[in-house]
Amino acid sequence: PSFVFPTFQGSSPEGDFPAVLTHKDVTVTLENNNVWKQFHSCTTEMILTKQGRRMFPYCRYRLSGLEPMRMYTLVLSIVPADQYKYRWSNSKWEPTGIGEHHDQGLSRVFSHHYSPSQGSAWMTSLVSFYKLKLTNNMSDEEGHIILHSMHRYIPRLHVIPAVDECMTFVFPQTEFMAVTTYQNFRITQLKINHNPFAKGFREEGSCSRLNRIITKVRHVTEAG
DNA sequence: TCTCACACCTTTGAAGTGG
DNA sequence: CCACTTCAAAGGTGTGAGA
């Protein structure tokens, strides 16, 4: 199956994108659609690092309509959403020329760690690609997905039955900008508020980061 | 723009504990 | 045995300064 990628809009009204896609009796639900929609409305950004960075949000699906006894491999690929490179300018993303060529030889896919499994196994639990890591290191040997910073990408879920043809599912709201430093402050705030690993940066109640810093400074001052 | 050391946090899994 | 708790190590965060 081929896909037409949506045109770039920067932000879009909520509810534009389906949380459910169906192809040949197979239905895929983007389970964390609400979080993706929040990020997408600010244009999602994903950090690239040399050693590899997890995505947040990550792709989390619920599948139905698979043949229970059949074996399937589930794979996530991340492909360019368009041919441009971008810059963050005046609080907006704007195209700034033709992007880097997407090296097919270098492009990588991420096979879910339960692959292959029976259809029944895939359908009884959520399928989360939280282990997937993104890197800008062209010489990466860890098998991470290699992307170019300041380019726009879209994840695709591939459902591959043992011998039949591959089914590909694309949720436009999972599109993101690859960056090495967050450009949009609103994205940083969304990450901090939603990702458990970033809890240390939340400003809540009397235990805020600012208060802790002040306390620490006071401590050092009193000790010295 | 990119990289790194860092404080701060969650997650993981082994070891301990009681029924 | 099993279920639950405790604990320390491993490892995921954005930061902020320097390149």
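Naming: A, B, ... by sequence-line order, numbering from 1 per chain.
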Rounded distance in Å - OH (A:Tyr58) to P (B:dT10): 15 Å
Listed pairs under 3.5 Å, donor-acceptor, residues 61-75 of chain A side chains, sequence neighbours left out:
{"unit_1": "A:Arg62", "atom_1": "NE", "unit_2": "A:Glu31", "atom_2": "OE1", "d": "3.2"}
{"unit_1": "A:Arg62", "atom_1": "NH2", "unit_2": "A:Glu31", "atom_2": "OE2", "d": "3.4"}
{"unit_1": "A:Glu67", "atom_1": "OE2", "unit_2": "A:Arg70", "atom_2": "NH1", "d": "3.1"}
{"unit_1": "A:Tyr72", "atom_1": "OH", "unit_2": "A:Glu67", "atom_2": "N", "d": "2.9"}

List, with names and distances, any nitrogen or oxygen atoms from the protein found under 3.5 Å away from nitrogen or oxygen atoms belonging to nucleotides 2-6 of chain B.
{"unit_1": "B:dC2", "atom_1": "OP2", "unit_2": "A:Ser149", "atom_2": "OG", "d": "3.0"}
{"unit_1": "B:dC2", "atom_1": "OP2", "unit_2": "A:Thr180", "atom_2": "OG1", "d": "2.5"}
{"unit_1": "B:dC2", "atom_1": "O5'", "unit_2": "A:Thr180", "atom_2": "OG1", "d": "3.2"}
{"unit_1": "B:dT3", "atom_1": "OP2", "unit_2": "A:Asn136", "atom_2": "ND2", "d": "3.0"}

Spacing between A:Met177 atom CE and B:dT1 atom C1', to the nearest angstrom: 16 Å
Charged N-O contact under 4.0 Å between A:Arg152 and A:Glu175: yes
Residues in ring-ring contact (aromatic ring centres under 6.0 Å, His included) contact with A:Trp36, at least two apart in sequence or another chain: none
Nucleotide B:dT10, atom P - distance to NE2 of A:His194 in whole Å: 16 Å
Ring geometry between A:Tyr114 and A:Trp122 (parallel below 30°, tilted from 30 to 60°, perpendicular above 60°): tilted
Please tabulate, for the side chains in residues 179-188 of chain A, all donor-acceptor contacts under 3.5 angstrom to protein atoms that are two or more places apart in sequence or on a different chain.
{"unit_1": "A:Gln183", "atom_1": "NE2", "unit_2": "A:Thr181", "atom_2": "O", "d": "2.7"}
{"unit_1": "A:Asn184", "atom_1": "OD1", "unit_2": "A:Arg186", "atom_2": "N", "d": "3.0"}
{"unit_1": "A:Asn184", "atom_1": "ND2", "unit_2": "A:Cys42", "atom_2": "O", "d": "3.2"}

Gap between atoms CH2 and C1', on A:Trp93 and B:dT1 respectively (whole Å): 11 Å
Under-4.0 Å salt bridge between A:Lys85 and A:Glu100: no
Donor-acceptor contact present, side-chain A:Arg156 to main-chain A:Phe169, <3.5 Å: no
Anything under 3.5 Å between a donor and an acceptor, one on a side chain of residues 123-131 of chain A, the other on a protein residue two or more places apart or in another chain? List them.
{"unit_1": "A:Thr124", "atom_1": "OG1", "unit_2": "A:Ser120", "atom_2": "O", "d": "3.2"}
{"unit_1": "A:Thr124", "atom_1": "OG1", "unit_2": "A:Ala121", "atom_2": "O", "d": "3.1"}

Below 3.5 Å is the cut-off: list the nitrogen or oxygen pairs between protein and nucleotides 6-13 of chain C, distance only.
{"unit_1": "C:dG12", "atom_1": "OP1", "unit_2": "A:Lys133", "atom_2": "NZ", "d": "3.2"}
{"unit_1": "C:dG12", "atom_1": "N2", "unit_2": "A:Phe197", "atom_2": "O", "d": "3.2"}
{"unit_1": "C:dT13", "atom_1": "OP1", "unit_2": "A:Asn195", "atom_2": "ND2", "d": "2.9"}
{"unit_1": "C:dT13", "atom_1": "O4'", "unit_2": "A:Phe197", "atom_2": "O", "d": "3.4"}

